[in-house]
Amino acid sequence: MRGRDDGSFVEFVAERGNALLRTAILMCHSRHDAEDALQSALEKAYRHWDRLEPDTDPEPYVRRILVNLLISRARRWRVLREIQVARMPEVPTTAPTHEVELRGTLVDELRRLGPRQRAVLVLRYWEDLSELQTAELLGCSVGTVKSQASRGLARLRERIDVTMTPMGR
Amino acid sequence: MDLENELRLAMAEHVADATVGGSLAMAVRERHRRRVARRRVALVTAAVGLLATAMAPAYQALRATPAGDHRPLRPSLGGTAVPNAPAQVQPTSPGTARPAPSAAPSGTSQTPVPSATAPATTRPSPLPGLSWIGYLPSGLKAVGPCVQQSAGTRRTTVCRWNGSGTLEVDVVRAPGLVRAEQLGALPVLPRYVTVHGNRAIYLVRPDGGSQLVWIDRPGVGVIVIAGPSLSDQLTRIAAGIRP
């Protein structure tokens, strides 16, 4: 059976590149890291591109590579940052409106979550994957996805309350 | 507050302007090409390293280097006089009419005569029976006369010296003798050198001495065994032997 050709890879990147990059940005600390991770993930997928069946959607495969890569990198970076950078906790700043401030804070707090918890929230609420799809992609059980999502949201809620209360929310 | 909804909106706002460049696919393919190239280089390097490691002993074994190449003092392969040699004689093939040297080389050392008289000298004798030994280091004394041994059709002449070290020269004559391996056990990883153009097996003995074995001509083989103190002169001694 013939696999996918080189042209289909270019088409796939053109069509789904933005969505994958956005997922990567939400799971990364910087856009530069996200672009690099996306390139790495796409390169990994490209190695076996000709083995993928032409009539199947390659996106889950590529997304799985990307998410696992980002989790691995985040774990490594976390260790390195803890060793190399001792930063004071960030102080909330005022913003023109509460809504903008709230969303900015949410993204900031999202980045402070653990890599796997962050991945669950991104996949569930950005990619709109079901709990089952998220579990399959992350290679864990549905129960784990549920608990990780629940704990992640609770953590965000708690952090938002702490951050927004001084602003009279 | 609907946190899930707010989170969705926050994420959408955060990445709204994120788009990939038009050359992402090309960059990925280029990255892949570089990776393949790096991998090939690494594989080739590893393969060459492994091959070199594996082949080194075999190469060492197969390499036929001139006698004395591994020695600081290069022997005179033709058995001619070596400058400053402590003792030197003109080689004469046994049984031939090769003339004996008209005068012994200068020096105080004397010739060992492994004969019945066995004088306490260390210079090779110009006697016809031993004139095939072209060079002996100084300070050697013949243990006794050369001994003839026979086993079937094989006849062996064994000559021994000691003093500044131990030396034994065996000349083996037997019909059908064409390979050095026929003269004794072959070491696991033999080293080959050449003596008078003949392939010779060189090996280090367990006592620290060394040994050379070669076929001088069909039917005539030579074994030279030098003790540890004479190992560095083994090839020089061997080069002077013309049985």
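Sequence lines set the chain letters: A, B, ... in the order given, protein chains first and strands last, and positions in each chain run from 1.
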(request) Check the pair B:L24, A:L38 against side chain to side chain contact (heavy atoms under 4.5 Å, CB included), reporting the backbone distance first and the verdict last. (result) CA-CA 9 Å; B:L24 178 60; A:L38 178 59; 3.9 Å; yes
(request) Output the option from A:T23, A:V10, A:L20 having the highest count of non-hydrogen pairs under 4.5 Å with chain B. (result) A:V10
(request) Supply the atom-to-atom distance A:R22 CZ to B:D17 CG, rounded to the nearest 0.5 angstrom. (result) 8.0 Å
(request) Start with the C-alpha distance between B:M11 and A:R103, add both sets of side-chain angles, then the distance that settles side chain to side chain contact (heavy atoms under 4.5 Å, CB included), and finish with yes or no. (result) CA-CA 8 Å; B:M11 290 192 284; A:R103 287 169 193 166; over 6 Å; no
(message) With rounding to the nearest 0.5 angstrom, report the CG to CD distance, A:L121 to B:E4.
(response) 9.5 Å
(message) Assess, by modelled atom type and distance only, whether the side chains of A:S40 and B:R31 contain a donor and an acceptor separated by less than 3.5 Å.
(response) yes
(message) Given heavy-atom pairs under 4.5 angstrom as the criterion, report whether the side chain, backbone, both or neither of B:A12 touches chain A.
(response) both
(message) Just checking A:R31: does its CZ atom have more than 12 heavy atoms from other residues, nucleotides or ligands closer to it than 6.0 angstrom?
(response) yes
(message) Show the nearest heavy-atom pair for residues A:L106 and B:L7, with the distance to one decimal.
(response) CD1-N, 3.8 Å
(message) Under 4.5 Å from any heavy atom of chain A, what part of B:H14 do you find: side chain, backbone, both or neither?
(response) side chain
(message) Please check if the number of heavy atoms outside B:R179 that lie under 6.0 Å from its CZ is greater than 12.
(response) no
(request) Measure the spacing between CD of A:E43 and CD of B:E30 and express it to the nearest 0.5 Å. (result) 11.0 Å
(request) Select one option (side chain, backbone, both, neither) describing which atoms of A:L110 are under 4.5 Å from chain B's heavy atoms. (result) side chain
(message) Tell me the closest heavy-atom pair linking A:Q39 and B:A27, and the distance in Å.
(response) NE2-CB, 3.6 Å
(message) Testing the basics here: between A:N18 and B:V20, what is the closest heavy-atom pair and its distance to 0.1 Å?
(response) OD1-N, 2.7 Å
(request) Find the distance between NE2 (B:H32) and NZ (A:K44) and round it off to the nearest 0.5 Å. (result) 13.5 Å
(request) For side chain to side chain contact (heavy atoms under 4.5 Å, CB included), just list the numbers for A:Y125 and B:N5, CA-CA rounded to whole Å, side-chain angles, deciding distance to a tenth of an Å, and then say yes or no. (result) CA-CA 8 Å; A:Y125 301 111; B:N5 241 356; over 6 Å; no
(request) Rounded to the nearest 0.5 Å, what's the gap from CD1 on A:I160 to CG on B:L3? Could you check? (result) 7.0 Å
(message) In the structure I gave you, are the side-chain heavy atoms of A:D6 and B:R29 within less than 4.5 Å of one another anywhere?
(response) yes
(request) Give a yes or no on whether A:R155 atom CZ has more than 12 heavy-atom contacts from other residues, nucleotides or ligands under 6.0 Å away. (result) no
